[in-house]
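A short write-up of the structure that comes next.
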2 protein chains.
Amino acid sequence: MSITMKDIAAKLGVSESTVSRAINNKPGVGEDTKQKILNLARRYNYQPNLLARNLARQESNMIGLILPDISSLFYSEVTRAIQDIATKHGYQVMVCNTDSDEKRESAYIEWLQGNKIAGIIFLGNGLANNKIINLGLSGYPIVLANRLVEEVMLPSVIIDNNTGAFEATKHLLERGHKRIALINGPKDNLTAQNRFRGYREALKEYNLDYDPSLIINKDWSRECGYQGFLELLNLEEPPTAIFAANDLIAVGVIEAIKMGGYLIPEEIAVVGFEDTIVTSIIEPPLTTVAQPMYELGANSAKKLFSLIEDEDIEENIEILTSKLIVRKST
Amino acid sequence: MSITMKDIAAKLGVSESTVSRAINNKPGVGEDTKQKILNLARRYNYQPNLLARNLARQESNMIGLILPDISSLFYSEVTRAIQDIATKHGYQVMVCNTDSDEKRESAYIEWLQGNKIAGIIFLGNGLANNKIINLGLSGYPIVLANRLVEEVMLPSVIIDNNTGAFEATKHLLERGHKRIALINGPKDNLTAQNRFRGYREALKEYNLDYDPSLIINKDWSRECGYQGFLELLNLEEPPTAIFAANDLIAVGVIEAIKMGGYLIPEEIAVVGFEDTIVTSIIEPPLTTVAQPMYELGANSAKKLFSLIEDEDIEENIEILTSKLIVRKST
DNA sequence: TTGTAAGCGTTATCAA
DNA sequence: TTGATAACGCTTACAA
C-alpha cells in the first residue's frame, strides 16, 4: 500500500541504492539528486519499512520487557522509567505480562528473540529461570531488574531488600517492640527471602530469636495482609508490631487492625515496603521502606543499552539502596 | 547466529520450501520428512525469524498502544486488559508513552506504521489529532479508547462521563447541597468537558444555575485538588460539596479539607471519579464514579481485532457506563 | 510429495 | 557519484 524505495527510484529514474543512501543520509550521493529524492519522499510521505530494514541490517530498535503485571503500582512505575530511557536511545519497548508464569515467560522469550529484539530486561521478584540464564550466558544482551540468579552473575540491578528490611525491623525494635510479626510474600520468592533475612538479622542484633509463628508467607496482596493479621490475632501472645513486606499487605493489615478497633501505632505499629502512593493516603500515613522504583527502571535500561552498544559496564551487579521513611504508623 | 530454515534444509537435503511447510504445519509434506524436519528443528532450537516472516507475509503480530502515561493507575489497568486480549489473539503490544505530547504521538505513529504493526489503539482523554483521524480514514485498523473525534466517527470505546458526572452531582444535590464546586482537568480536555457537562445538567435539573467561580480547571493531579480547594475556601460563599473530576484530585481535596480541620462529609462532602485503589484506602472512603477500566481496555482490543480480522463490528462507537459508588465521603 | 524461483523492502559490496 | 547485484530469512505460486 505505502510507497517504497523502489517506487521513488522508478519515479526519479535512479537506482534503489541511491535512494537508500539519500534516505539514510549516507555519503556517496550528489547534493541535487539527494534533494530530489528527499523531496519526493516527503511528498509521498515515505515511511521506511522497518521490518525490511531490520532484516537487512540484522538489528532492531526494540527491547523487550518481561514483567509479572503492568497494572501493579510498582511495575508500572519501573516500566515508565525504562520507556523514558529507551526513547532517548531511539528504541521502543515491548511490554510482556507473565503473571509470573514460567511458561508464558518462555513463550515471550522465544517471541522476542524471533523478532530479533536487541535485548531484554527481566523485571520481577522471583529467581531467574534457566531459559533466562542460558540466554544471558550465550551473550545475548539481557539485564535482570530486581531478580537474582543464584550462581551465575548476570548483569543486574537490584534493590537492597535485606538492608531495607533490617532498617524497618530495627526501627520497630527501637520503638520498644519485642514481638514483631512479618507478613511476607511467597516463600519461594527471592524478594520475600531477602526481606525475611533483613528482619531476622535485626532481631539477632537485639538478641531476639525469631518466632516462626510470627512469620506468615502468603501473597503480596491486600487481602493477604488482612487475613494474615487475623491469623496473628489468634496467637496466644499476639504481636505488637507488624512488618508488612509490601505496602499493599500493609494496607490490608491496617484495615484489619482498624476493624478490630485497635489503635495504630499505640497498640499495634505497622511498617510497609515500597513507598507507593497508598502510603501517603492511608490513615495513619504508613511508615515504609522506599524503593527507588524509577531508578531501578532507568538504571536497568541504561545497563541494557551499554550491553547493546558493547560498552563496558562498570559494575555487573548494581545495588540500589532503599530508605526507611518514618510516618505515623509506628 | 541462530539456525535458519536454510540450514535445516541443507542438513536434511531437502528444499527450504519443504522446511517452511513442515514448520508451519501446512499440507504438502510427507509425514516422515515432516517429522525429520521438526525433530531437527527442535534439536537445534530453531526459532523462526519473525522479521523475515512478517516481511514475506506482509503482516505482523503486534499492535500498538499509544497512551499518555503508563504509570498512572487508570492507564496501567487499561493496558493490562489490552495485553490480556492481545495475548489471546497471539499478538504482542507495543506500549508507547506520549505524555500527551502530539509530536511524540506522531513520531510513534510513524514508527508503528514502519514496523507494519497490525493496528493501533489510541488511549487518552484528549481529542484525537489529525494524524490519527487520517490514519483511521485511510482504512488502517485503529480504535480510539476514551478519546473522541469531533466530526468523523472512528471506531471507539468510550466511557459515558456525562452521565457519570450527572449522577455524581445529582447525588450531592439529593444530599441537600446547593453550592457544589467542580475541580476539573484541563479545559481543552474532552473528558473534562464531558464531566463538566454532566455536572451542569444535574444542576439544571434542580433549577440551579452554575456559578463559574465554583469551577476550577487545572490538572488531574493530587496537588491541583489541594490547591483548588484552598482557592475555593477564599470565596465569599465557599462550597459545601466538591465534585473532583478524578480520584487523585479528590485525594488532594480531602487532604486540604482535613488540614483545614473540617469534617467530611458533615461540613464538606467530596465525590471523586474513576474508582482506583485509593478510594477504598483514604479516610473517609471516597464516594466515586466507577470507570470500567478493564472493560475499556478489553473491549477496545476486541474491537481492534475485529477490524484486523475484517469482521463486522456491531457498534462503531461503544459507550460503557460508569456507575456511582457511594461511600462515606458524602 | 517435493523443488524451483520469485518476491517481501531494505542494505551493502563491488564495479563502473 | 552512481548502479547492479546479492543478501537478509521466510513465504508462496507454479512446476515437476
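Note that the structure is predicted; figures quoted are calculated from it, not measured. Throughout, protein chains are lettered first and strands after them, A, B, ... in sequence-line order, and every chain is numbered starting at 1.
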With heavy atoms under 4.0 Å as the rule, sort [X] into base, sugar-phosphate or nothing.
X: B:Val19; value: nothing
X: A:Glu31; value: nothing
X: A:Pro27; value: nothing
X: B:Gly28; value: base
X: B:Asn24; value: sugar-phosphate
X: A:Gly13; value: sugar-phosphate

Do B:Ser17 and C:dT4 share a donor-acceptor pair, side chain to base, under 3.5 Å?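 Yes, the side chain and the base share a sub-3.5 Å donor-acceptor pair.
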
Quick one: does B:Arg57 reach the base of C:dG7 with a side-chain donor-acceptor pair under 3.5 Å?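 Answer no: no donor N or O sits under 3.5 Å from an acceptor.
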
Under 4.0 Å: is that the gap between some side-chain N or O of [X] and OP1 or OP2 of [N]?
X: B:Ser20; N: D:dC10; result: no
X: B:Ser15; N: C:dT4; result: no
X: A:Lys116; N: D:dG9; result: no
X: A:Gln47; N: C:dG9; result: no
X: B:Tyr46; N: D:dC10; result: yes

Options D:dC10, C:dA12, D:dC8, nucleotide nearest the side-chain atoms of A:Lys26: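 Of all the options, the side chain of A:Lys26 is nearest to C:dA12.
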
Given that B:Ala56 and B:Val29 both sit by DNA chain C, which one's nearest nucleotide is further toward the 5' end?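 That would be B:Val29.
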
Looking at A:Lys103, A:Lys131, A:Arg104, which one forms a salt bridge (Lys or Arg N to Asp or Glu O under 4.0 Å) with A:Glu110?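 Passing option: A:Lys131.
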
